[in-house]
There are 2 protein chains.
Amino acid sequence: METAIYPPEFDSDTPLQNVLTWRIHQVHNRLNVHAAKFLEKTSGIALAHWRVMLCIGADGNTTHSEIRRKIAMDKGQLSRCLKGMVDEGLVVTQEDAADQRQQRLSLTKKGRRIFDKTLPEMRKRQSYLIGRLSKSESRMIFSALDKLEVAAQNHEFL
Amino acid sequence: METAIYPPEFDSDTPLQNVLTWRIHQVHNRLNVHAAKFLEKTSGIALAHWRVMLCIGADGNTTHSEIRRKIAMDKGQLSRCLKGMVDEGLVVTQEDAADQRQQRLSLTKKGRRIFDKTLPEMRKRQSYLIGRLSKSESRMIFSALDKLEVAAQNHEFL
DNA sequence: ACATTTTAGTTGACCTATCAACTAAACTAT
DNA sequence: ATAGTTTAGTTGATAGGTCAACTAAAATGT
């Protein structure tokens, strides 16, 4: 018998549960909610701030564009996000001597403290989540995501 | 040698690429963009409208709450979304004789026409996406997503 | 050297998502 | 029956995402 449960075709009989993009959408939302609550509890910072922090990293000295290359974030959004982080005293900007268009970004002492506190917690969370998966699930989900990302960007099917 | 590439711990050396929740976030965004463009091309309807349409289904006669149970959508959002769909002539509401609080929802002829045109296209897209994956990837990604969803909702790790 | 294009970042307009307050109908329990 | 609670859906306030216009600096090409 060759017939697998997947690939699932969806129709009135097959519930939305089996539509891959739909499942990703749902799970993504729930993980986001979870991450936001988790961050709220551990360090009180917003998810977007945390993601940007991760990009700046402990060493700092990044720029807007570098961050954007890493996390594919809208530049307006990033600009405002960083402004918020500067206001909260998490990040400092200093001008780049060589290129006056861009600013070098680093964490403040406070930002660094929060970063250092949050990183291990987020690692634990990551391990917890991955720990729920079997070996092959955790291997396959990464490669599947890679392929889906490519598939979504190829214009083959558009 | 037992060491696998995964589960990936993230730190300054391990790029964000290996953070599972991050990857899901990225891939989700790209799939969304792809889906929206695809729908734009095939039937000109919005992704949110399509999702709701799928819930109403060809047979129709659903209610707000039934849809919400299926797709875990905010009720305010759904209310406005449906209003838009009614304005566009995709959906009709009629009052439920037995329960005056709720409305029965169905597709209009126009809505039905778009639904019938879009469904096979979206199926093709789904098959295309799943087709990029190996058998075990497509099997494992579904089970992994299921487990992650549970993990994100359990308060074990919160 | 100077006109053109590219890159960096900011800002404004708009659109969607999320949360909470609200009205109204229906159920529940005394 | 009727007070209290639950369920259905609407609406408003607000935060966050997306797109495009804009300024300024740097790179490019003649």
Side-chain angles (χ1 to χ4, degrees), chain A residues 22 25-26 28-37 39-40 44-52 55-56 61-88 91-106, chain B residues 22 25-26 28-37 39-40 45-52 55-56 61-88 91-106 152:
Chain A
W22 177 257
H25 176 77
Q26 283 188 307
H28 172 249
N29 281 348
R30 301 208 154 119
L31 285 171
N32 260 192
V33 170
H34 185 261
K37 278 192 203 151
L39 275 172
E40 177 55 38
I45 72 168
L47 182 52
H49 286 191
W50 170 245
R51 282 175 176 159
V52 169
C55 288
I56 299 179
N61 205 37
T62 331
T63 64
H64 281 227
S65 345
E66 268 183 74
I67 296 177
R68 290 207 312 120
R69 231 180 316 103
K70 285 184 192 168
I71 69 179
M73 192 176 184
D74 177 76
K75 57 180 175 172
Q77 194 184 353
L78 179 59
S79 173
R80 280 181 251 253
C81 180
L82 281 166
K83 198 163 68 180
M85 294 175 82
V86 170
D87 289 350
E88 289 180 33
V91 169
V92 270
T93 64
Q94 40 187 144
E95 63 173 25
D96 185 316
D99 186 339
Q100 303 241 124
R101 288 171 305 181
Q102 63 187 13
Q103 355 175 294
R104 313 301 315 180
L105 302 164
S106 332
Chain B
W22 177 257
H25 176 75
Q26 284 188 308
H28 171 248
N29 283 347
R30 303 212 151 115
L31 286 171
N32 261 191
V33 170
H34 185 263
K37 280 192 202 149
L39 275 172
E40 177 56 38
I45 71 167
L47 182 53
H49 286 192
W50 169 245
R51 282 174 175 161
V52 169
C55 287
I56 299 180
N61 204 35
T62 331
T63 64
H64 282 227
S65 344
E66 267 182 75
I67 296 177
R68 291 208 309 120
R69 231 180 314 104
K70 285 186 191 166
I71 69 180
M73 191 176 184
D74 177 76
K75 56 180 175 174
Q77 195 184 350
L78 179 59
S79 171
R80 282 181 252 252
C81 180
L82 280 166
K83 197 163 68 180
M85 295 175 81
V86 169
D87 289 349
E88 287 180 35
V91 170
V92 271
T93 64
Q94 41 187 145
E95 60 172 29
D96 186 315
D99 186 340
Q100 302 241 124
R101 287 171 308 178
Q102 63 188 15
Q103 349 173 301
R104 313 302 314 181
L105 302 164
S106 332

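To find a chain, count down the sequence lines: A is the first, B the second, and so on, and within it residues start at 1.
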For atom [atom1] of [X] and atom [atom2] of [N], their distance in whole Å:
X       : N       : atom1 : atom2 : value
Q77(B)  : dG12(D) : CD    : C1'   : 15 Å
L78(B)  : dT11(D) : CG    : P     : 13 Å
R80(B)  : dG12(D) : CZ    : C1'   : 7 Å
R68(A)  : dT18(D) : CZ    : C1'   : 13 Å
H64(B)  : dT11(D) : NE2   : P     : 11 Å
I45(A)  : dG16(D) : CD1   : C1'   : 16 Å
I67(B)  : dT7(D)  : CD1   : P     : 19 Å
Q102(A) : dA27(D) : CD    : C1'   : 13 Å

Any chance you could lay out the side-chain contact (heavy atoms from CB on, under 4.5 Å) test for L82(A) and H64(A), step after step, and finish with the verdict?
CA-CA 9 Å; L82(A) 281 166; H64(A) 281 227; 3.4 Å; yes
Mind checking A36(B) for me? I need base, sugar-phosphate or nothing, with any heavy atom below 4.0 Å counting as a touch.
nothing
How is D74(B) classified with respect to the nucleic acid when contacts are heavy atoms under 4.0 Å: base, sugar-phosphate, or nothing?
base
Indicate the atoms forming the closest heavy-atom contact of C55(B) with I71(B), along with that distance.
SG-CG2, 3.0 Å
Counting only side-chain N and O atoms of K75(B), is one of them less than 4.0 Å from OP1 or OP2 of dT11(D)?
no
If you round to the nearest 0.5 Å, how far is [atom2] of [Y] from [atom1] of [X]?
X       : Y      : atom1 : atom2 : result
I67(B)  : C81(B) : CD1   : SG    : 8.5 Å
R101(A) : D96(A) : CZ    : CG    : 10.0 Å
H25(A)  : L31(B) : NE2   : CG    : 11.5 Å

Toward the 5' end of DNA chain C, by each residue's nearest nucleotide, A48(B) or G76(A)
G76(A)
Please check this pair: side chain of R104(A) against backbone of N61(A), looking for a donor-acceptor N/O pair closer than 3.5 Å.
yes
Does M73(A) or A98(A) map to a spot on DNA chain D nearer the 5' end, using the closest nucleotide for each?
M73(A)
Taking heavy atoms of chain A and a 4.0 Å limit, find me the 5'-most and 3'-most nucleotide of DNA chain C within that range.
dT7(C) to dA13(C)
Heavy-atom check, side chain of Q103(A) versus side chain of L105(A), under 4.5 Å:
yes
